[in-house]
Amino acid sequence: MFPEENSFLEKIRSLQRLGDWRSILNLNNEGSLDDFKRRKLLWAWPTEDNLAFLCAFFSRHEITGVMSVGCGCGLLEWIIEEYSGLQVMGVEVNKEWWESKYAVAPFIPLTYFNEDFQCPQSFALMFCYFNNGPAFRNYIKHFRGLMVVIIGPAQGAGRHTDPQPFNPDFGQSHWRLEASQEIRQTKDFIVIYLRRC
């Protein structure tokens, strides 16, 4: 990492030790790092309003936790956990990378995917800037819960994810779009899908 990236990361770590998620969100407004460097830690920087929007749906549908697949370093997941008080689990596949000296040390404990892995039924399944359509459909196929959250760019944002937030290929028709909210004016969206009854 470059010195300014190390400084930015250490600032976030010190705020994390204080439990100060709100100041971490506000770091995105400082303008001290370009978008590319910020995205190394957090692809989508939500606002407090975005967190309230998301957590209102968690509460309304009696969601007791969140499983975030492909969570990376887990900074977003830590922020959601601190804000909501819900348990947030981070899932990754490359244990060697995330435990290497080159990776940003995770902000939350990571669970590494194996074939027997299952998401608790009362949890929401979340994908933020996920980029593996077949793996996404495999997770959906084994998920028995009510809510899927997809965070990523709208069409025309100049960034790509698979699944796309507004046009995911679930591989089945058991899901309906319930709500969405833009993150600032970034063309990144939080999109909530519910299982059809």
Side-chain angles (χ1 to χ4, degrees), residues 1-92 98 103-111 120 122-130 147-154 157 159 161 165 178-193:
M1 279 194 183
F2 296 105
E4 68 271 15
E5 291 177 67
N6 280 332
S7 171
F8 190 65
L9 178 57
E10 186 46 46
K11 189 181 288 189
I12 289 174
R13 293 276 184 212
S14 65
L15 291 168
Q16 181 197 24
R17 286 190 288 274
L18 296 171
D20 191 356
W21 55 268
R22 189 174 278 116
S23 290
I24 291 174
L25 292 184
N26 290 335
L27 287 176
N28 188 48
N29 300 325
E30 286 187 0
S32 59
L33 283 181
D34 64 38
D35 211 32
F36 175 76
K37 292 172 186 167
R38 268 196 303 273
R39 287 183 187 274
K40 283 185 175 182
L41 296 175
L42 195 56
W43 272 95
W45 286 78
T47 64
E48 196 167 341
D49 286 343
N50 296 141
L51 295 174
F53 164 80
L54 186 59
C55 291
F57 281 91
F58 291 160
S59 177
R60 185 175 311 152
H61 296 285
E62 299 179 357
I63 299 298
T64 63
V66 178
M67 179 171 289
S68 179
V69 179
C71 66
C73 68
L75 179 56
L76 174 62
E77 290 72 13
W78 179 82
I79 291 168
I80 291 171
E81 187 171 67
E82 289 295 303
Y83 179 87
S84 69
L86 297 177
Q87 179 185 4
V88 180
M89 299 172 62
V91 178
E92 271 296 341
W98 289 108
V104 174
F107 289 85
I108 61 171
L110 298 181
T111 299
S122 62
F123 277 36
L125 191 60
M126 185 170 83
F127 300 86
C128 179
Y129 266 83
F130 197 73
M147 182 183 296
V148 172
V149 178
I150 301 175
I151 302 173
R159 298 177 298 280
T161 59
E178 178 70 10
S180 66
Q181 187 179 68
E182 188 173 10
I183 298 173
R184 295 187 173 88
Q185 294 176 337
T186 60
K187 296 186 180 176
D188 282 333
F189 284 82
I190 299 168
V191 186
I192 296 171
Y193 289 87

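The structure displayed is predicted, hence computed values, not measured ones. The first residue in the sequence is number 1, and the count goes up from there.
A distance-only check finds a donor-acceptor pair linking the side chain of Thr186 to the backbone of Ile183 [under 3.5 Å]. The main-chain N or O of Trp45 is found under 3.5 Å from a side-chain atom of Arg184 such that the two form a donor-acceptor pair. Checked by atom type and distance alone, the side chain of Glu81 pairs as donor or acceptor with a backbone atom of Val88 at under 3.5 Å. Distance alone, capped at 3.5 Å, is enough to place a donor-acceptor pair between the Tyr193 side chain and the Pro165 backbone.
Arg13 forms a cation-pi arrangement with Phe107, by the criterion of a distance under 6.0 Å to the ring centre and an angle within 45° of the ring axis.
Residue Ile151 holds its CD1 atom at 5.0 Å from CG of Leu76, rounded to the nearest 0.5 Å. Note: Ile12 CD1 to Trp21 CH2 = 15.0 Å, rounded to the nearest 0.5 Å. Taking CZ of Arg159 as the start and CH2 of Trp43 as the end, the distance is 8.0 Å to the nearest 0.5 Å. Here CG of Leu25 is found 8.0 Å from CG of Leu42. Values are rounded to the nearest 0.5 Å. The distance from the SG atom of Cys55 to the CD atom of Glu48 is 10.5 Å, given to the nearest 0.5 Å. Rounding to the nearest 0.5 angstrom, the gap separating the CD1 atom in Ile80 from the CD atom in Gln87 is 13.5 Å.
Among residues at least two apart or in separate chains, side chain to side chain donor-acceptor pair (under 3.5 Å) pairs with a member in residues 49-68 are Thr47-Asn50, Asn50-Gln181, Thr64-Ser122, Ser68-Glu77.
In this structure, the side chains of Ile150 and Ile192 stay at 4.5 Å or more apart for every pair of heavy atoms.
Under the side chain to side chain donor-acceptor pair (under 3.5 Å) criterion, Glu182 pairs with no residue, sequence neighbours left out. Partners of Glu92 under the side chain to side chain contact (heavy atoms under 4.5 Å, CB included) rule, at least two apart in sequence or in another chain, are Cys71, Trp98, Leu110, Tyr112.
Here the closest non-hydrogen pair linking Thr161 and Pro153 is CG2-CD, 3.4 Å. Across all their heavy atoms, Phe53 and Ser180 have their closest contact at CZ-C, 3.7 Å.
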- Carefully, step by step, assess Leu125 and Val149 under the rule side-chain contact (heavy atoms from CB on, under 4.5 Å). CA-CA 6 Å; Leu125 191 60; Val149 178; over 6 Å; no
- What do the steps show when you test Leu27 against Lys11 for side-chain contact (heavy atoms from CB on, under 4.5 Å), and what is the final call? CA-CA 9 Å; Leu27 287 176; Lys11 189 181 288 189; 3.3 Å; yes
- Task: Report the C-alpha separation of Met89 and Phe123 in whole Å, then their side-chain angles, then the decisive distance to 0.1 Å, and conclude whether the side-chain contact (heavy atoms from CB on, under 4.5 Å) test is met.
- Result: CA-CA 10 Å; Met89 299 172 62; Phe123 277 36; 3.6 Å; yes
- I would like to know whether Arg17 and Glu10 meet salt bridge (charged side-chain N to carboxylate O under 4.0 Å, His left out); could you show each step before the answer? CA-CA 11 Å; Arg17 286 190 288 274; Glu10 186 46 46; 2.8 Å; yes
- Message: For a side-chain contact (heavy atoms from CB on, under 4.5 Å) check, start with the C-alpha distance between Asp188 and Tyr129, then their side-chain angles and the critical distance, and finish with the verdict.
- Response: CA-CA 10 Å; Asp188 282 333; Tyr129 266 83; 2.5 Å; yes
